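See structure below.
Just so you know, these numbers come straight off a predicted model, no measurement behind them.
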Amino acid sequence: MYRLLIINPGSTSTKVSLFEDEKVLFEKSLFHDADELLKFPHVNLQMDFRYGVIMNMLSEENVDPASIDAFVGRGGSAHTQPGGITKIDQRLYDDTVAAVGGSEHPAKLGVMLAWKFATEYNKPAYTLNPTNVDEYCDYARLTGIKGVYRVSHSHVLNQKAVAEYHAKSLGRRYEDMNFIVAHIDGGITVSAHDHGRMVDGNMGADGEGAFTPTRIGSVPVLALLDYIDEHGTDAVRLRCSRAGGFVDLFGTANSDTIHELVEEDDYKASLVWNTMLYQICKMIGEMSAVLCGKVDGILLTGGLLRFDDVRATIEKRCGFIAPISVYPGEMEQEALALPALEVLRGNKEPLTYQGRDVWQGFAGIDL
């Protein structure tokens, strides 16, 4: 029998689960409003705060961390990685702290916290399908600026878990199907899955795609340059991942608060909310083109699917593309736990972090 602590920091919450083999002993999620997290100028500075949150959760459940056999954290921000479960080591921890991959999403804290627990209690630590898994096709990488490339920064963990679950529910394999998967929550990413590979998607925490409760989304470049001239680059970097979207427009990342205003027919809230949904639908349309219209299903997941109008709007605008299925919330906790359990049982070998990007350029072409 093995105990695994699953650590999943998000842009607006910290979720923790304790598994005993396949059984969930407890699962807790604590919401953090924008004001609380914006006290920390850098994501790394949230470490002590999030560690304290986790220790309080364990204390409330009378769980001794020393009784846990492995710590599993969501990840990101290091060099790009292949999909699958990876053992966390000092090099992966250091590259995550340094954000060598260029993204400063709070998901990186999953690796950092799992490693902290692992070193304190002399236990192994793992991560699975971090935000920087790279399976992109070359068409998804190139930009019109030499030496500037698009990379994979997405909710890979939940998107792949949902796609694999949905394929299995149909009696088929993820590797034999094409899906568009939209993760809709504090961050929003939409990606194209072509026969088991996530070949394209938006860089959600980098200012691309729909704006979200915490992110600015895509902004016209010249307009953004004017904004930078007035406010500076640090302000824009903060708004890309933590202080944009609802936070900038309303002063809160709490979607329940905004949606209550929508239900009261508040004009500003309705305009902002429905514009966000409109932009999500445009992203889904883009991904259908990536898959040449051969889409087996559009899968919607994430916390904002608790609001019925999210599904209704997407069905109205995108239902002609493919059947739409909804998986409210996310499947990340179980997705993190089960592969790690297979490693502990000796049934699976974890990957080793290589300390270099998966993609090494366009086969010698100078672009």
Side-chain angles (χ1 to χ4, degrees), residues 4-19 22 24 26-32 50 53-54 57 72-76 83 85 105-111 113-114 126-133 152-169 174 179-191 193 198 201-202 204-205 209-210 212-215 241 253-256 259 276 280 283-284 297-308 310-311 314 324-341:
L4 301 94
L5 188 71
I6 311 304
I7 304 169
N8 187 348
S11 57
T12 58
S13 66
T14 301
K15 180 174 285 188
V16 176
S17 303
L18 181 66
F19 280 73
E22 288 86 358
V24 181
F26 79 82
E27 181 170 299
K28 291 191 173 185
S29 184
L30 181 65
F31 175 79
H32 312 299
R50 303 260 193 170
V53 167
I54 295 168
M57 290 179 178
V72 189
R74 189 180 173 202
I85 188 162
H105 189 278
K108 68 183 289 189
L109 295 167
V111 161
L113 288 161
Y126 304 98
T127 189
L128 175 82
N129 289 338
T131 60
N132 56 333
V133 164
S152 176
H153 290 158
S154 188
H155 296 93
V156 185
L157 175 64
N158 190 41
Q159 290 192 4
K160 279 184 168 286
V162 166
E164 290 174 2
Y165 179 89
H166 184 74
K168 187 176 180 180
S169 74
Y174 169 53
F179 295 124
I180 298 169
V181 188
H183 178 107
I184 306 171
D185 207 346
I188 296 171
T189 55
V190 180
S191 58
H193 297 243
M198 197 180 79
N202 68 301
T212 83
T214 61
R215 302 174 186 172
S241 60
N254 193 326
S255 298
D256 292 303
H259 200 264
M276 179 182 71
I280 293 169
M283 295 163 67
I284 291 171
I298 298 170
L299 312 182
L300 309 180
T301 183
L304 295 193
L305 269 303
R306 65 185 181 273
F307 303 114
D308 292 339
V310 176
R311 173 178 185 158
I314 295 173
I324 294 175
S325 300
V326 176
Y327 295 94
E330 40 77 17
M331 299 181 176
E332 293 176 344
Q333 303 303 95
E334 185 177 69
L336 285 165
L338 298 186
L341 183 59

Begin with the C-alpha distance, continue with both residues' side-chain angles, and end with the deciding distance and a verdict on side chain to side chain contact (heavy atoms under 4.5 Å, CB included) for Lys15 and Arg74. CA-CA 10 Å; Lys15 180 174 285 188; Arg74 189 180 173 202; over 6 Å; no

Going by the rule side-chain contact (heavy atoms from CB on, under 4.5 Å), which residues pair with Thr189 if we only count those two or more places apart in sequence or in a different chain? Ser154, His155, Gln159, His183, Asn202

Just by distance, do the side chain of Asn158 and the backbone of Met331 share a donor-acceptor pair under 3.5 Å? yes

From Leu338 atom CG to Phe19 atom CZ, the distance as rounded to the nearest 0.5 Å: 6.5 Å

Check step by step if side chain to side chain contact (heavy atoms under 4.5 Å, CB included) holds for Leu304 and Met276. CA-CA 11 Å; Leu304 295 193; Met276 179 182 71; 3.9 Å; yes

Please answer whether the main-chain N or O of Arg215 pairs with a side-chain N or O of Ser241 as donor and acceptor at a distance below 3.5 Å. no

Can you give me the closest heavy-atom contact between Gly73 and Ala114, atom names plus distance? N-CB, 3.9 Å

Measure the acute angle between the ring planes of Tyr174 and Phe179, then classify it against the limits of 30° and 60° as parallel, tilted or perpendicular. parallel

Heavy atoms only: give me the nearest Val133-Ser152 pair and the separation to one decimal. O-OG, 2.6 Å

Shortest non-hydrogen contact between Thr212 and Ala210, atoms and distance: CG2-O, 3.4 Å

Pairwise distance CG(Asn129) to CD(Glu164) - rounded to 0.5 angstrom: 7.5 Å

For the CG atom of Leu18 and the CG atom of Leu5, what is their distance to the nearest 0.5 Å? 6.0 Å

Please say whether more than 12 non-hydrogen atoms of neighbouring residues, nucleotides or ligands are located less than 6.0 Å from OH in Tyr165. no

One should read off an interatomic distance between Ile180 CD1 and His193 NE2, to the nearest 0.5 angstrom, of 9.5 Å

Kindly compute the distance separating CD (Glu330) from CG (Leu305), expressed to the nearest 0.5 Å. 12.0 Å

Between CD1 on residue Ile324 and CD1 on residue Ile314, distance to nearest 0.5 Å: 6.5 Å

Testing Glu332, Glu334, Gln333, Lys28 for side-chain hydrogen bond (donor to acceptor under 3.5 Å, both in side chains) with Ser17, which one passes? Gln333

Hey, which of Leu4, Ile85, Val72 is the one that makes side chain to side chain contact (heavy atoms under 4.5 Å, CB included) with Leu336? Val72

Please check: side-chain N/O of Thr14 versus main-chain N/O of Leu30, any donor-acceptor pairing under 3.5 Å? no

Closest heavy-atom pair and its distance - Ala335, Leu157: CB-CD1, 4.0 Å

Give the minimum heavy-atom separation between Pro9 and Leu113, together with the two atoms involved. CG-CD1, 4.2 Å

Output yes when a side-chain donor or acceptor of Arg306 lies under 3.5 Å from a complementary backbone atom of Pro328, and no otherwise. no

For the pair Leu300 and Val310, evaluate side chain to side chain contact (heavy atoms under 4.5 Å, CB included) and give the outcome as yes or no after the intermediate values. CA-CA 9 Å; Leu300 309 180; Val310 176; 5.7 Å; no

Would you check if Pro339 and Tyr126 make a side-chain contact, meaning some heavy-atom pair closer than 4.5 Å? no

What one should report as the nearest heavy-atom pair of Thr301 and Tyr327 is OG1-O, 3.0 Å

